[in-house]
Amino acid sequence: MTDILLQVRQLEVVYHRVATAVQGVSLEVPKGSIVALVGTNGAGKTTTLRAISGFLPSEDAEITDGDITYGDRRINGQLPHQMARAGVILVPERDKVFGTLSVEDNLEFAARGGGEITLERVLGYFPLLTQRKSQLAGYLSGGEKQMLAIGMALLCRPTLLLIDELSLGLAPIVIKDLMALLHRISKELGLTVLLVEQNANAALAIADFGYVMEGGRVVFYGKASELISHPDVREFYLGGAAQSETKSYRDIKQYRRKRRWWG
Amino acid sequence: MEFAATIVILTCTYALLAAGTVILYKAGRVVNFAHGELAIVGGYVFYSAGLMSGGTSLWFPVAGAVVFSIIMGMFIYMAMMRRLVGEPFYVAILVTVGIGIVLKSAILVIWRAERLTIDVGVTPAIRMAGGATLSYMDIASVVLTVAFFAGLYLFFRFTRLGVQFRGTAENALLASQRGVDVNFVLSLAWVIAILAASLSGVLYGGRAFLSTESVTIGLAGLTAALVGGLDSLRGAVAGAFIVACAQYLTVRLVDPVLSEAVPFLLLVIVMSIRPWGLFGTQEELDRV
Amino acid sequence: MSRTGYNLRTNYLESNEVIRRPYQKVLVAMVLAVAVLLPAATSTFFVHLLNLCFLSAIGALGLMLLTGFCGQISLGHAAFLAVGAFTTVILTVHVGAPFVVVIPAAAVTGAVLGFIIGLPSLRFRGVYLAIITLAMHYTVIFLATSYQANFAKSASAGITIPDPSIGPLVIKGEYTWYYFSLVLLTLVTIWCVNLIRTRPGRAWMAIRDRDIAAEALGINLTRYKLMAFMVSSTLASVSGSLLAYYSNVVTVETYTIDLAVIYVAMIIVGGMGSILGALMGAIFMTLLPFGIDGLFSYLPREWRYGSTVFGVQVGAVGICIILFLLIEPKGLAEIWRRIETYFDRWPFRYRPLDTTRH
């Protein structure tokens, strides 16, 4: 491994002091790469991401075990705005833009002066936003909201961009465009991206590395290209087995048993 | 003309209080029941600071009231309100009720419930037709109130901090994730609200008097905010005007004893016709 | 000696038990015995204080049912007390009605007012409801003020009312009042306990926790909310009437918004959602001003300025509200529960799972 920007070791997060959401999750995000974190509903992907970007005290969530290291700093239990100022920017799953502010105000909200990412450059990536500048963000379509959210995040001068469910509620064609755009942005700006996705196909297509989570643990990991061709991952997360012929229920159950738990 | 002048000044007093209530409501979904007490104590601080400086300069009492607002605002938010996020709604309300009663006791203990009138140049400045007069204090009240609302408008509309403020009011988590220190912004909300209240207390103390009974202006301000809509600054001004008119007319035409009940009668009427207020949004009804 | 955890219940009958631990029966018996024998051992003044505690506890129980169990916040409890007091005044002074007629009449007036105030609760929640009860407070106080101004012989001193009598028995003097109010409070407490462990109580708690879900479960919101307001205002009104009889004088100055806040403080300090808490809170908040008065007597004379003592008494109420809400939101009842739990486990101590914060 070369330069590790973010390292999560044996992370455990407990909500409301009783509900354990993730348990012993370890992952590494090398500098300049795109890492995808895929898995089904309730696998703990969002919680992992939220733990990295910090919880507000009012959320009553606590990192009870493990370390999160960003660069060479241990960042357990930092507040979100501290992480944001350190360059870890999260694009959340929902409520990702300020609906009562105009598009322009949304972008201005995030803008921190200086740096190479300017408003013009962001609008260059998302020309659609220029037309909607004075509109209220609450009236944008889902795809436009997502673009605005990413634009906002870019204006916060991120080093590590955390994106939760880029594809949520979007049409397949929009997802494809957005993914390609994200890939381009990350390469042009030298961004490191940790991408949480349910749509594993789309995510792994642009990612360098992938982690598969289930039930609060990491169950597979490896190079994205290896994961895509891995029969188990294909079977469970990419929709449809490698073989096209219908299998009996008994065979499927055997596949389920074959899954191993790491961490 | 007399009645017009009285109504305008009463509107200013209530509008400042209502604006503070609206700001606090928007920022943290807290309805502050201690606003009248904060206003009157602000007035008392202004008076005492003036007394201490020998009554020569106006800067000293103003600085006193500003320092009071900053300390109270920071203290109330950081020591109390910050810890109440996520608790049932009544907890925050009852804490403000508690703050109000502690402030009332401060008036009793520190100022010994003295009935004071703030006297900053009440000499009549303008004589109008019909024998009505306007003092410099009255003119200053109107100018200061207009300046406060204009400043507030410019702040929310054009400054980056104002935009961050509006964003935090909508979604504190996202604001925090975009690098905004939510604690700072919400403390600022309390400071601004208390500053407006103190100004209103000073105006009221100049026009009428400061005492433990005058904390009821807080209820008039609250009513003004509710009549206008809890989440609308425009509504605060409109509500303040309506409450001021209703109060003045009742005192003049019906019975002065009724004047304390007027805001509430008005409130009952508005609540049964348009419960979310004149400029408010209907969805807010279910949020608190 | 084997012992089961008291939180483990194996059938529905057990979950309906009022007194669960064996020693609690002893404790209740002891408290009652002490209460019966206490007047013989203390001063008249202390008995007077206890009378005030018992009578205001009836009102506090009413507010606890409404706010602590049904979740409807009310800042108008002083108005309900005033309604009871002024019903008493009107009936005794103008009609000359006897005690046995006045108390039910006060209850009915309270219930009617509770019904009227309950109506907005069907449409408004939370802050809005609190403000409406505040409006109701000022309206009632306005009516009471104008009544007192027109009918009182001297407006400042208030209106005197005679001592009550039941048949040949005249309730007069601290000691008679003591036993009378003790019996009454015991009966009201038992009634409240039974109310909350049967259908209305469970319906109220469901409404408190989530009214929409409660309605979906088939709870008639209209009926139970109105019922909560009516029960609460009835108890407050009766309490107000009794306090009026006890002090022999009624004046509207008693029923300030501060009094309403003191009643709210009672249920906060005692602990929301606990009958025991209402009793503890009522006793605490009633004794608090006298305790502060007592502390001031140790201070040098020049500190004992009238408004200072009064100010500290008022401020203490506010500080109690704030501190309890911030530090011990479930109040004295929760502290008592922890003590009980400690002794339940004794001698096997371990740190319990901290689930009280949520």
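Values below: all heavy atoms of this structure, side chains included; hydrogens, waters and symmetry mates excluded. Within every chain, numbering begins at 1; the chains are lettered A, B, ... in the order of the sequence lines, protein sequences first and strands thereafter.
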(request) Pick one of side chain, backbone, both or neither for C:I141, based on which atoms fall under 4.5 Å of a heavy atom in chain B. (result) neither
(request) Go through the atoms of B:A79 and report whether side chain, backbone, both or neither lie under 4.5 Å from a heavy atom of chain C. (result) backbone
(message) Counting heavy-atom pairs under 4.5 Å with chain B, which one of C:I322, C:V309, C:L129, C:V261 comes out on top?
(response) C:I322
(message) Is C:M272 in contact with chain B via its backbone, its side chain, both, or neither, using a 4.5 Å heavy-atom distance?
(response) side chain
(message) What part of B:L226 gets within 4.5 angstrom of chain C, counting heavy atoms only: side chain, backbone, both, or neither?
(response) side chain
(request) Let me know if B:L219 has heavy atoms under 4.5 Å from chain C in its side chain, its backbone, both or neither. (result) side chain
(message) Shorter than 4.5 Å, heavy atoms on both sides: which option in B:L265, B:V91, B:L94 has the most such pairs with chain C?
(response) B:L94
(message) Please identify which of these residues, C:I262, C:D258, C:I319, C:I257, meets the side chain to side chain contact (heavy atoms under 4.5 Å, CB included) condition with B:I101.
(response) C:D258
(message) Within this structure, what is the CZ-CD1 distance for the pair B:R83 and C:I327, rounded to the nearest 0.5 Å?
(response) 6.5 Å
(request) Decide if atom CZ of B:R274 counts as having more than 12 heavy atoms of other residues, nucleotides or ligands within a radius under 6.0 Å. (result) yes
(request) Determine the sole option in C:V314, C:T308, C:V312 for which the side chain to side chain contact (heavy atoms under 4.5 Å, CB included) test with B:S105 is passed. (result) C:V314
(request) Dump the intermediate steps for side-chain contact (heavy atoms from CB on, under 4.5 Å) on B:F33 and C:L134, then the final yes or no. (result) CA-CA 11 Å; B:F33 278 80; C:L134 205 61; 3.9 Å; yes
(request) Tell me, for C:L75 versus chain B, whether the close heavy atoms (under 4.5 Å) come from the side chain, the backbone, both or neither. (result) side chain
(request) Decide yes or no on side-chain contact (heavy atoms from CB on, under 4.5 Å) for C:I131 and B:L222, but give the supporting numbers first. (result) CA-CA 9 Å; C:I131 292 165; B:L222 184 60; 4.0 Å; yes
(request) Check whether more than 12 heavy atoms from other residues, nucleotides or ligands sit under 6.0 Å from atom CE of B:M80, and answer yes or no. (result) yes
(message) Measuring from atom NZ of B:K104 to atom CZ of C:F310, what distance do you get when rounded to the nearest 0.5 angstrom?
(response) 8.5 Å
(message) Please classify the contact of C:I73 with chain B as side chain, backbone, both or neither, using a heavy-atom distance under 4.5 Å.
(response) side chain
(message) Counting only heavy atoms from other residues, nucleotides and ligands, does the tally under 6.0 Å from CZ of B:F68 exceed 12?
(response) yes
(message) Heavy-atom pairs under 4.5 Å with chain B: which of C:A130, C:G71, C:G311 has the most?
(response) C:G311
(request) Please look at B:L84 and chain C and tell me whether the side chain, the backbone, both or neither of the residue comes under 4.5 angstrom of a heavy atom of that chain. (result) side chain
(request) Could you walk me through whether C:V127 and B:Y90 pass side-chain contact (heavy atoms from CB on, under 4.5 Å), step by step? (result) CA-CA 8 Å; C:V127 176; B:Y90 64 81; over 6 Å; no
(request) Supply the atom-to-atom distance B:T216 OG1 to C:Y138 OH, rounded to the nearest 0.5 angstrom. (result) 6.5 Å
